[in-house]
2 protein chains.
Amino acid sequence: MGRQEKTIRILEAALRTFARYGFKKTTLEDIAGELGMTKGNLYLYAKDKRDLYEKSVAHAFREWQERVAEDVEGKKDVVVRFRVMCVKAYAYLSVNEDLQSIVLRDPTIFTLAPREGRFYSVNVAAVEMIKQVLEQGIREKRFRQVDVESMAEFLFSIYIMFIIRAYVKSEGKPVEAIFEAAVDLMINGLLTR
Amino acid sequence: MGRQEKTIRILEAALRTFARYGFKKTTLEDIAGELGMTKGNLYLYAKDKRDLYEKSVAHAFREWQERVAEDVEGKKDVVVRFRVMCVKAYAYLSVNEDLQSIVLRDPTIFTLAPREGRFYSVNVAAVEMIKQVLEQGIREKRFRQVDVESMAEFLFSIYIMFIIRAYVKSEGKPVEAIFEAAVDLMINGLLTR
DNA sequence: GAATGAACAACTAGCCAAAGTGTTCAGTCG
DNA sequence: CGACTGAACACTTTGGCTAGTTGTTCATTC
């Protein structure tokens, strides 16, 4: 097993454990035990406990993003692409219980603005994906000529907003209906008239 | 001075003090001192410290809402109305420093979903205002036939999102550009084609 | 080079007393 | 008679202490 794979195994075990007990309550021995190694060894893969936490969360986010990117690339029509991007990105958390639990315990993971907080680079990559879809739409004259940069950041914020509403604060009338209204508004707002 | 006015005086003094020191650090004697009365007397106007805090914040919110409502009613064209509603509601915080400081110290005041958390009734009233503008637009055939309830909740969430981005986490590229993109997208998404 | 495990440092939990603050209420004031 | 006071009371917070736990380092082993 190469260093690459070992790192992934460690990050996944760490995520699982943090998800179960929360950051404060998990000890490095919990994680090391889960992996059949000693806690000292973890320091070869992360500089401290916090760093291990952030690395494991960032890893889960990158996986998430790759899945969405694959699904988006499977479609060619830009409107379909946009819709798939929305729906898949939104649905992913529901199948990753560890990440869900992490987010629930630590809502500050998500910041409405992409360029702040931890996970800067993951967020920037997400905004990049949105931008590319927007640019395709404009190039093909399906979308209006909007300010791509600002619009992408705005759409990203809407996305995070739904994540927060759906998983961090679950309550109120079905989020699904509002999600539908949102996608409807966004697509109609983008299309040329 | 009637009971009504006295209550307002107390709520305003409370807000000012909470804004200066934060909830934990302000004592009831701070507030009572500001008003030239003793702390025991405050209990005739609120059932406890927390209640006093929430009442004072709710009062500021209602003022805010009334101002926006006035400005909106001054316009007749529904697109202008919509835009004025967005801009004024967004701008108000910048002129109320006390409320700004409160929100900064206690970001959980704003929840993205209107029906949860404290200040339920204030939020519901805001959603109601949005609904009425939407209904006018649809009635006049300027807006598409959207699900008014869901759309209003969605728009409200966008609004809160901007409040949070602008005042709670100030950073990143100018929020103004993104705000413009947002209003642009919303209006275009609503208009009939 | 990867991993260990003992040693060390830093933090946390529990406890206590003292001080501060929120809450109540019998009594005063206008 | 209602608005208000001020002292009494109860609850929470603070700081200082100790013991125990947990994060971090590193010389040594595999």
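Small disclaimer: the values here were computed from a predicted structure and weren't measured. Convention: sequence-line order gives letters A, B, ...; per-chain numbering from 1.
- Atoms CZ (Arg9(B)) and P (dA3(D)) sit 15 Å apart, rounded to a whole Å.
- Atom CG in Leu42(B) sits about 16 Å away from atom C1' in dC25(C), given to the nearest Å.
- Comment: Lys88(B) does not engage Glu70(B) in a salt bridge, judged by the lack of any side-chain N to carboxylate O separation of less than 4.0 angstrom.
- Across the protein-nucleic acid pair, Lys6(A) atom NZ and dA2(C) atom C1' stand 7 Å apart, rounded to whole Å.
- Remark: Lys141(A) NZ is loosely packed, at most 12 non-hydrogen atoms of other residues, nucleotides or ligands lying under 6.0 Å away.
- Under the 4.5 Å side-chain criterion, counting only non-hydrogen atoms from C-beta, Phe179(A) is in contact with Cys86(A).
- Here the C1' atom of nucleotide dG22(C) and the CD1 atom of Ile31(B) are 12 Å apart, to the nearest Å.
- Glu29(A) CD: 12 or fewer foreign heavy atoms inside a 6.0 Å radius.
- At whole-Å resolution of the value, CG in Leu35(A) and C1' in dT4(C) are 15 Å apart.
- We find that Arg20(B) and Asp98(B) are not joined by a salt bridge, their nearest charged nitrogen and carboxylate oxygen being 4.0 Å or further apart.
- Using a 4.0 Å cut-off between charged side-chain N and carboxylate O, Arg81(A) and Glu73(A) make no salt bridge.
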The contact string for nucleotides 18-25 of chain D, one letter per nucleotide 5' to 3', using protein heavy atoms under 4.0 Å with B, S and - for base, sugar-phosphate only and none, comes out as ----SBBB
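- Atom pair Met37(A):CE and dT4(C):P shows a separation of 7 Å (rounding to whole Å applied).
- Within the 4.0 Å cut-off from OP1 or OP2 of dA3(C), at least one side-chain nitrogen or oxygen of Tyr45(A) is found.
- Remark on the helix from dG1(C)-dC30(D) to dG30(C)-dC1(D): inter-end axis angle 50°, axes from five-pair C1' superpositions, rounded to 10°.
- One atom, CG of Asn41(B), and another, P of dT24(C), lie 14 Å apart when rounded to the nearest Å.
- In this structure, Phe154(B) and Phe162(A) have parallel ring planes: the angle between them is below the 30° cut-off, well short of the 60° mark.
- We find that CZ of Arg3(A) is positioned 9 Å from C1' of dA2(C), with the value rounded to whole Å.
- Among residue pairs with one or both ends in residues 119-139 of chain A, those qualifying as ring-ring contact (aromatic ring centres under 6.0 Å, His included) are Phe61(A)-Phe119(A); sequence neighbours excluded.
- Between Asp51(A) and Lys55(A) there is a salt bridge, with a side-chain nitrogen of the basic residue lying less than 4.0 Å from a carboxylate oxygen of the acidic one.
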